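A short worksheet on the structure shown next.
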Amino acid sequence: MSFSRLFGAATLAGLALTGYAAAEARAYTLRQVRLPVLPAGARPIRLLQVTDLHLTPNQRAKREWVRGLAALEPDLVVNNGDNLAHRDAVPAALDALGPLLDLPGVYVFGSNDYFEPGMRNPLQYLFPDTGRRHTQVPQLPWRDLRAGFDAAGWTDLTNLRTSLTVGELEIAFAGVDDPHLRYDDLSAVAGPADATADLRLAVAHAPYLRVLDQFARDGYDAILAGHTHGGQVCLPFYGALTTNCDLEPARAKGLHRHPAASADGDPGSSWLHVSAGLGTNPYLRLRVACRPEATLMTLAPRA
(Lines give C-alpha, C1' and ligand atoms only; values in the text may rest on other atoms or scores of the structure.)
Protein backbone atom coordinates (compact mmCIF):
# COMPACT_ATOMS: atom_id res chain seq x y z
CA MET A 1 0.00 0.00 0.00
CA SER A 2 1.34 3.43 -0.92
CA PHE A 3 2.16 6.04 1.70
CA SER A 4 -0.71 8.26 0.54
CA ARG A 5 -3.19 5.43 1.07
CA LEU A 6 -1.75 4.64 4.48
CA PHE A 7 -1.94 8.31 5.41
CA GLY A 8 -5.51 8.53 4.18
CA ALA A 9 -6.54 5.42 6.11
CA ALA A 10 -4.90 6.72 9.28
CA THR A 11 -6.61 10.08 8.86
CA LEU A 12 -10.03 8.44 8.45
CA ALA A 13 -9.43 6.23 11.48
CA GLY A 14 -8.42 9.26 13.53
CA LEU A 15 -11.51 11.18 12.46
CA ALA A 16 -13.73 8.21 13.27
CA LEU A 17 -12.20 7.83 16.74
CA THR A 18 -12.54 11.56 17.41
CA GLY A 19 -16.18 11.46 16.35
CA TYR A 20 -16.83 8.50 18.61
CA ALA A 21 -15.04 10.17 21.54
CA ALA A 22 -17.02 13.38 21.05
CA ALA A 23 -20.28 11.42 21.05
CA GLU A 24 -19.31 9.44 24.15
CA ALA A 25 -18.53 12.67 26.01
CA ARG A 26 -22.23 13.52 25.62
CA ALA A 27 -23.57 10.03 26.45
CA TYR A 28 -24.62 10.88 30.01
CA THR A 29 -25.13 7.76 32.09
CA LEU A 30 -26.62 6.97 35.48
CA ARG A 31 -24.66 4.41 37.49
CA GLN A 32 -26.30 2.57 40.38
CA VAL A 33 -24.44 1.19 43.37
CA ARG A 34 -25.56 -0.55 46.56
CA LEU A 35 -23.43 0.17 49.62
CA PRO A 36 -23.96 -1.73 52.91
CA VAL A 37 -23.05 0.90 55.51
CA LEU A 38 -26.18 1.49 57.61
CA PRO A 39 -27.07 -0.03 60.98
CA ALA A 40 -29.15 -3.18 60.99
CA GLY A 41 -32.83 -2.46 60.50
CA ALA A 42 -32.30 1.04 59.10
CA ARG A 43 -34.40 2.18 56.15
CA PRO A 44 -32.20 2.44 53.03
CA ILE A 45 -31.50 5.95 51.78
CA ARG A 46 -30.76 7.09 48.24
CA LEU A 47 -27.65 9.23 47.77
CA LEU A 48 -27.03 10.99 44.46
CA GLN A 49 -23.38 11.82 43.70
CA VAL A 50 -22.87 14.55 41.10
CA THR A 51 -19.40 15.79 40.26
CA ASP A 52 -17.17 17.33 37.58
CA LEU A 53 -19.88 18.99 35.50
CA HIS A 54 -17.33 21.40 33.95
CA LEU A 55 -20.25 23.46 32.68
CA THR A 56 -20.20 26.22 30.11
CA PRO A 57 -23.31 28.34 29.46
CA ASN A 58 -24.06 26.69 26.09
CA GLN A 59 -24.12 23.06 27.32
CA ARG A 60 -27.89 22.77 27.32
CA ALA A 61 -28.15 19.00 26.91
CA LYS A 62 -25.98 18.41 29.97
CA ARG A 63 -27.98 20.91 32.01
CA GLU A 64 -31.27 19.26 31.08
CA TRP A 65 -29.93 15.79 31.87
CA VAL A 66 -28.73 16.91 35.32
CA ARG A 67 -32.05 18.60 36.06
CA GLY A 68 -33.79 15.34 35.22
CA LEU A 69 -31.93 13.56 38.02
CA ALA A 70 -34.38 15.08 40.48
CA ALA A 71 -36.94 12.53 39.23
CA LEU A 72 -34.90 9.87 41.07
CA GLU A 73 -36.08 11.46 44.33
CA PRO A 74 -32.79 11.03 46.21
CA ASP A 75 -32.70 11.61 49.96
CA LEU A 76 -29.29 13.28 49.84
CA VAL A 77 -27.08 14.93 47.18
CA VAL A 78 -23.27 14.99 47.34
CA ASN A 79 -21.50 17.40 44.99
CA ASN A 80 -17.74 16.81 44.69
CA GLY A 81 -16.88 20.02 42.83
CA ASP A 82 -15.54 21.15 39.47
CA ASN A 83 -18.95 22.50 38.52
CA LEU A 84 -17.63 25.39 36.41
CA ALA A 85 -15.69 25.69 33.16
CA HIS A 86 -16.50 29.32 32.22
CA ARG A 87 -16.66 32.67 33.97
CA ASP A 88 -20.37 32.97 33.09
CA ALA A 89 -21.32 29.42 34.11
CA VAL A 90 -22.65 30.01 37.64
CA PRO A 91 -26.26 30.65 36.47
CA ALA A 92 -26.02 27.55 34.25
CA ALA A 93 -24.77 25.41 37.14
CA LEU A 94 -27.47 26.63 39.52
CA ASP A 95 -30.09 26.05 36.82
CA ALA A 96 -28.85 22.52 36.13
CA LEU A 97 -28.81 21.63 39.81
CA GLY A 98 -31.94 23.65 40.56
CA PRO A 99 -34.42 20.88 41.53
CA LEU A 100 -31.67 19.07 43.45
CA LEU A 101 -30.95 22.17 45.52
CA ASP A 102 -34.33 21.67 47.19
CA LEU A 103 -33.02 18.43 48.72
CA PRO A 104 -30.52 17.95 51.56
CA GLY A 105 -27.06 18.34 50.07
CA VAL A 106 -23.36 18.76 50.87
CA TYR A 107 -20.56 20.05 48.67
CA VAL A 108 -16.85 20.76 48.25
CA PHE A 109 -15.06 22.60 45.45
CA GLY A 110 -12.40 21.54 42.96
CA SER A 111 -9.71 23.46 41.12
CA ASN A 112 -11.99 24.15 38.16
CA ASP A 113 -14.43 25.97 40.41
CA TYR A 114 -11.64 28.35 41.35
CA PHE A 115 -9.65 28.94 38.15
CA GLU A 116 -10.40 29.32 34.45
CA PRO A 117 -9.62 26.22 32.39
CA GLY A 118 -7.08 26.40 29.61
CA MET A 119 -6.03 24.40 26.59
CA ARG A 120 -3.75 21.58 27.75
CA ASN A 121 -1.78 18.83 26.07
CA PRO A 122 -3.65 15.67 27.16
CA LEU A 123 -0.46 13.61 26.90
CA GLN A 124 0.96 15.45 29.92
CA TYR A 125 -1.32 13.42 32.19
CA LEU A 126 0.59 10.25 31.27
CA PHE A 127 3.80 11.58 32.82
CA PRO A 128 4.69 12.02 36.52
CA ASP A 129 3.04 14.97 38.23
CA THR A 130 5.38 17.95 38.38
CA GLY A 131 3.32 19.62 41.12
CA ARG A 132 2.78 22.67 38.93
CA ARG A 133 -0.78 24.00 39.07
CA HIS A 134 -2.32 26.48 36.65
CA THR A 135 -3.29 29.15 39.16
CA GLN A 136 -1.78 32.14 37.33
CA VAL A 137 -5.03 32.61 35.43
CA PRO A 138 -8.21 34.56 36.20
CA GLN A 139 -10.36 33.21 39.00
CA LEU A 140 -13.87 31.97 38.32
CA PRO A 141 -16.80 33.38 40.37
CA TRP A 142 -16.75 30.52 42.88
CA ARG A 143 -18.01 32.81 45.63
CA ASP A 144 -21.24 33.29 43.67
CA LEU A 145 -21.59 29.54 43.30
CA ARG A 146 -21.04 29.07 47.03
CA ALA A 147 -23.63 31.75 47.78
CA GLY A 148 -26.15 29.95 45.57
CA PHE A 149 -25.52 26.59 47.23
CA ASP A 150 -25.66 28.10 50.72
CA ALA A 151 -28.85 30.04 49.98
CA ALA A 152 -30.49 26.78 48.89
CA GLY A 153 -29.53 25.14 52.17
CA TRP A 154 -26.70 22.86 51.02
CA THR A 155 -23.92 22.34 53.56
CA ASP A 156 -20.39 23.51 52.76
CA LEU A 157 -17.84 20.88 53.80
CA THR A 158 -14.73 22.93 52.99
CA ASN A 159 -12.26 21.72 55.64
CA LEU A 160 -15.15 21.11 58.03
CA ARG A 161 -16.83 18.42 60.10
CA THR A 162 -20.57 18.57 60.72
CA SER A 163 -23.66 16.38 60.88
CA LEU A 164 -27.04 16.26 59.17
CA THR A 165 -30.26 14.39 59.82
CA VAL A 166 -31.43 12.66 56.64
CA GLY A 167 -34.69 10.80 57.06
CA GLU A 168 -34.37 8.96 60.34
CA LEU A 169 -30.56 8.82 60.27
CA GLU A 170 -27.90 11.04 61.78
CA ILE A 171 -24.98 11.33 59.34
CA ALA A 172 -21.57 12.64 60.42
CA PHE A 173 -19.65 14.36 57.61
CA ALA A 174 -16.08 15.49 57.06
CA GLY A 175 -14.88 17.29 53.96
CA VAL A 176 -11.77 19.00 52.64
CA ASP A 177 -11.01 21.68 50.10
CA ASP A 178 -9.37 20.57 46.85
CA PRO A 179 -6.37 18.29 47.51
CA HIS A 180 -5.16 18.76 43.90
CA LEU A 181 -4.38 22.38 44.75
CA ARG A 182 -3.21 21.35 48.23
CA TYR A 183 -6.02 23.41 49.72
CA ASP A 184 -6.99 20.52 51.99
CA ASP A 185 -6.51 21.20 55.71
CA LEU A 186 -6.43 17.70 57.15
CA SER A 187 -5.65 18.95 60.65
CA ALA A 188 -8.99 20.80 60.68
CA VAL A 189 -10.95 17.56 60.22
CA ALA A 190 -8.64 15.13 62.02
CA GLY A 191 -9.83 12.84 64.77
CA PRO A 192 -12.12 9.85 65.16
CA ALA A 193 -15.40 10.06 63.28
CA ASP A 194 -18.48 10.49 65.46
CA ALA A 195 -19.17 7.01 66.83
CA THR A 196 -22.69 8.02 67.90
CA ALA A 197 -23.82 8.80 64.33
CA ASP A 198 -25.70 6.23 62.27
CA LEU A 199 -23.36 6.79 59.31
CA ARG A 200 -20.02 8.52 58.74
CA LEU A 201 -19.26 9.96 55.27
CA ALA A 202 -16.15 11.80 54.05
CA VAL A 203 -16.11 13.99 50.95
CA ALA A 204 -13.24 15.33 48.81
CA HIS A 205 -12.84 16.46 45.23
CA ALA A 206 -9.58 14.68 44.36
CA PRO A 207 -8.85 11.25 45.90
CA TYR A 208 -5.26 11.80 46.98
CA LEU A 209 -3.89 9.03 49.16
CA ARG A 210 -3.00 11.30 52.08
CA VAL A 211 -6.67 12.31 52.33
CA LEU A 212 -8.04 8.80 51.89
CA ASP A 213 -5.58 7.42 54.45
CA GLN A 214 -6.65 9.90 57.14
CA PHE A 215 -10.37 9.42 56.57
CA ALA A 216 -9.94 5.63 56.69
CA ARG A 217 -7.90 5.80 59.90
CA ASP A 218 -10.48 8.10 61.46
CA GLY A 219 -13.24 5.56 60.90
CA TYR A 220 -15.40 6.95 58.10
CA ASP A 221 -17.66 4.31 56.61
CA ALA A 222 -17.31 5.66 53.07
CA ILE A 223 -15.34 8.29 51.17
CA LEU A 224 -16.80 9.95 48.06
CA ALA A 225 -14.59 11.67 45.47
CA GLY A 226 -14.45 12.74 41.83
CA HIS A 227 -11.70 14.52 39.84
CA THR A 228 -10.30 11.55 37.91
CA HIS A 229 -12.91 11.53 35.10
CA GLY A 230 -12.47 7.77 35.35
CA GLY A 231 -9.32 8.19 33.31
CA GLN A 232 -11.40 9.94 30.60
CA VAL A 233 -9.54 8.23 27.77
CA CYS A 234 -9.39 4.53 28.65
CA LEU A 235 -8.33 1.42 26.80
CA PRO A 236 -11.13 -1.10 26.17
CA PHE A 237 -10.76 -4.21 28.34
CA TYR A 238 -7.91 -2.50 30.22
CA GLY A 239 -9.22 0.68 31.79
CA ALA A 240 -7.68 3.96 32.86
CA LEU A 241 -4.12 4.97 32.10
CA THR A 242 -4.03 7.84 34.58
CA THR A 243 -5.97 9.43 37.44
CA ASN A 244 -4.40 12.93 37.58
CA CYS A 245 -3.51 12.22 41.22
CA ASP A 246 -1.60 9.58 43.17
CA LEU A 247 -4.47 7.09 43.27
CA GLU A 248 -3.64 4.06 41.16
CA PRO A 249 -5.49 3.76 37.81
CA ALA A 250 -7.19 0.50 38.86
CA ARG A 251 -9.36 2.61 41.20
CA ALA A 252 -9.93 5.52 38.82
CA LYS A 253 -13.69 5.04 39.10
CA GLY A 254 -16.23 2.89 40.87
CA LEU A 255 -16.51 1.27 44.28
CA HIS A 256 -13.45 -0.11 46.08
CA ARG A 257 -11.96 -0.42 49.54
CA HIS A 258 -9.33 1.86 51.03
CA PRO A 259 -6.72 0.84 51.89
CA ALA A 260 -7.06 -1.35 48.83
CA ALA A 261 -5.40 -4.34 50.49
CA SER A 262 -7.71 -4.38 53.51
CA ALA A 263 -10.45 -6.95 53.81
CA ASP A 264 -14.01 -5.67 54.10
CA GLY A 265 -14.73 -4.56 57.63
CA ASP A 266 -11.12 -4.46 58.84
CA PRO A 267 -10.36 -1.54 61.19
CA GLY A 268 -9.00 1.39 59.26
CA SER A 269 -10.64 0.39 56.00
CA SER A 270 -13.35 2.49 54.33
CA TRP A 271 -15.45 2.13 51.24
CA LEU A 272 -14.21 4.45 48.48
CA HIS A 273 -16.41 5.54 45.61
CA VAL A 274 -14.82 7.59 42.83
CA SER A 275 -17.24 8.98 40.27
CA ALA A 276 -16.06 9.45 36.69
CA GLY A 277 -18.09 12.66 36.63
CA LEU A 278 -20.04 14.34 33.87
CA GLY A 279 -17.65 16.65 32.06
CA THR A 280 -14.36 17.28 30.34
CA ASN A 281 -12.08 20.21 29.71
CA PRO A 282 -14.28 22.46 27.51
CA TYR A 283 -11.56 22.62 24.85
CA LEU A 284 -11.32 18.80 24.54
CA ARG A 285 -14.81 17.37 24.95
CA LEU A 286 -13.71 13.80 24.32
CA ARG A 287 -14.08 10.53 26.23
CA VAL A 288 -13.09 7.03 25.22
CA ALA A 289 -14.42 3.87 26.94
CA CYS A 290 -15.47 6.00 29.92
CA ARG A 291 -18.92 7.54 29.69
CA PRO A 292 -19.78 10.64 31.73
CA GLU A 293 -21.79 9.66 34.76
CA ALA A 294 -23.69 10.50 37.91
CA THR A 295 -24.20 7.83 40.55
CA LEU A 296 -27.28 6.84 42.53
CA MET A 297 -26.08 5.00 45.63
CA THR A 298 -28.51 2.98 47.70
CA LEU A 299 -27.14 3.03 51.24
CA ALA A 300 -28.38 -0.17 52.85
CA PRO A 301 -27.96 -1.96 56.21
CA ARG A 302 -24.78 -3.93 56.72
CA ALA A 303 -25.10 -7.64 56.14
Side-chain angles (χ1 to χ4, degrees), residues 30-38 45-52 76-82 106-110 129 157 159 161 171-180 184 186 189-194 197-232 234 239-278 290 293-303:
L30 179 70
R31 304 293 183 195
Q32 299 198 45
V33 174
R34 188 173 181 87
L35 191 55
V37 289
L38 299 185
I45 63 176
R46 291 154 66 85
L47 183 156
L48 179 67
Q49 184 181 9
V50 181
T51 187
D52 294 270
L76 173 67
V77 181
V78 174
N79 183 296
N80 290 94
D82 272 10
V106 298
Y107 70 92
V108 294
F109 283 157
D129 185 7
L157 292 179
N159 295 324
R161 291 169 51 140
I171 304 178
F173 287 97
V176 290
D177 206 348
D178 184 24
H180 190 61
D184 53 301
L186 289 173
V189 296
D194 184 357
D198 297 300
L199 174 65
R200 290 149 290 275
L201 294 179
V203 180
H205 173 64
Y208 277 81
L209 295 178
R210 66 180 184 275
V211 177
L212 306 182
D213 289 345
Q214 176 168 307
F215 283 146
R217 284 195 305 267
D218 286 346
Y220 286 90
D221 298 303
I223 308 165
L224 306 183
H227 175 71
T228 65
H229 296 194
Q232 187 162 322
C234 301
L241 300 174
T242 181
T243 62
N244 197 23
C245 64
D246 60 358
L247 185 71
E248 68 276 15
R251 293 192 289 166
K253 64 179 178 180
L255 186 64
H256 303 274
R257 296 294 292 187
H258 187 83
S262 294
D264 291 7
D266 279 0
S269 177
S270 301
W271 288 105
L272 169 65
H273 187 267
V274 181
S275 172
L278 284 160
C290 184
E293 66 181 40
T295 303
L296 182 64
M297 306 181 71
T298 299
L299 306 182
R302 299 180 185 90

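Keep in mind that this is a model prediction, so the values were computed, not measured.
- Not a single donor-acceptor pair under 3.5 Å links the side chain of Arg200 to the backbone N or O of Ala174.
- Taking the six-membered ring where the residue is Trp, Phe215 and Tyr220 present perpendicular rings, their angle passing 60° and hence far from 30°.
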Given the rule in the side chain to side chain contact (heavy atoms under 4.5 Å, CB included) test, do Leu201 and Val106 qualify, once you have shown the distances and angles that lead to the verdict?
CA-CA 11 Å; Leu201 294 179; Val106 298; over 6 Å; no

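- Without hydrogens or angle criteria, Arg31 side chain to Gly254 main chain gives no donor-acceptor distance under 3.5 Å.
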Determine, step by step, whether Asp198 and Leu38 satisfy the side chain to side chain contact (heavy atoms under 4.5 Å, CB included) criterion, reporting the C-alpha distance in whole Å, the side-chain angles of both residues, the deciding distance to 0.1 Å, and the verdict.
CA-CA 7 Å; Asp198 297 300; Leu38 299 185; 5.9 Å; no

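- Closest of all the heavy-atom pairs between Pro207 and Gly226 is CD-O, 3.4 Å.
- Proximity of a side-chain donor or acceptor of Asp52 to a complementary backbone N or O of His227 within less than 3.5 Å is detected.
- The heavy-atom pair separating Gly231 from Ala240 by the smallest distance is CA-CB, 3.8 Å.
- A donor-acceptor contact shorter than 3.5 Å links the side chain of His205 to the backbone of Asn80.
- Atom CD1 of residue Ile223 and atom CZ of residue Arg257 lie 9.5 Å apart, to the nearest 0.5 angstrom.
- Looking only at distances, a side-chain donor or acceptor of Arg161 sits under 3.5 Å from a matching main-chain atom of Gly191.
- Considering every non-hydrogen atom in both Ala204 and Val211, the closest pair reads CB-CG1, 4.2 Å.
- A donor-acceptor pair under 3.5 Å links the side-chain atoms of His256 to the main chain of Lys253, judged by distance alone.
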Quick one: do Asn244 and His229 satisfy side chain to side chain contact (heavy atoms under 4.5 Å, CB included)? Show the steps, please.
CA-CA 9 Å; Asn244 197 23; His229 296 194; over 6 Å; no

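- Asp178 pairs by the side-chain hydrogen bond (donor to acceptor under 3.5 Å, both in side chains) definition with nothing, not counting sequence neighbours.
- In this structure, the separation between OG on Ser269 and NE2 on His258 is 8.5 Å, given to the nearest 0.5 Å.
- Considering only heavy atoms from C-beta on, Leu35 stays 4.5 Å or farther from Leu47 through its side chain.
- With rounding to the nearest 0.5 angstrom, the OH atom of Tyr208 is 13.0 Å from the CG atom of Leu186.
- If you take CD on Gln232 and OG1 on Thr243, they are separated by 13.0 Å, rounding to the nearest 0.5 Å.
- Nearest heavy-atom pair, Ser275 versus Thr228, reported as atom, atom and distance to 0.1 Å: O-OG1, 4.2 Å.
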Sequence neighbours left out, cut at 3.5 Å: what donor-acceptor pairs do the side chains of residues 294-303 make with other protein atoms?
residue	atom	partner	partner atom	Å
Arg302	NH2	Val37	O	3.0
Arg302	NH2	Asp221	OD1	3.2

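- For Asp177, the side-chain hydrogen bond (donor to acceptor under 3.5 Å, both in side chains) partners two or more places apart in sequence, or in a different chain, are Tyr114.
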Carefully, step by step, assess Thr51 and Asp82 under the rule side chain to side chain contact (heavy atoms under 4.5 Å, CB included).
CA-CA 7 Å; Thr51 187; Asp82 272 10; 5.6 Å; no

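- No side-chain donor-acceptor contact under 3.5 Å links Gln49 to the backbone of Leu224.
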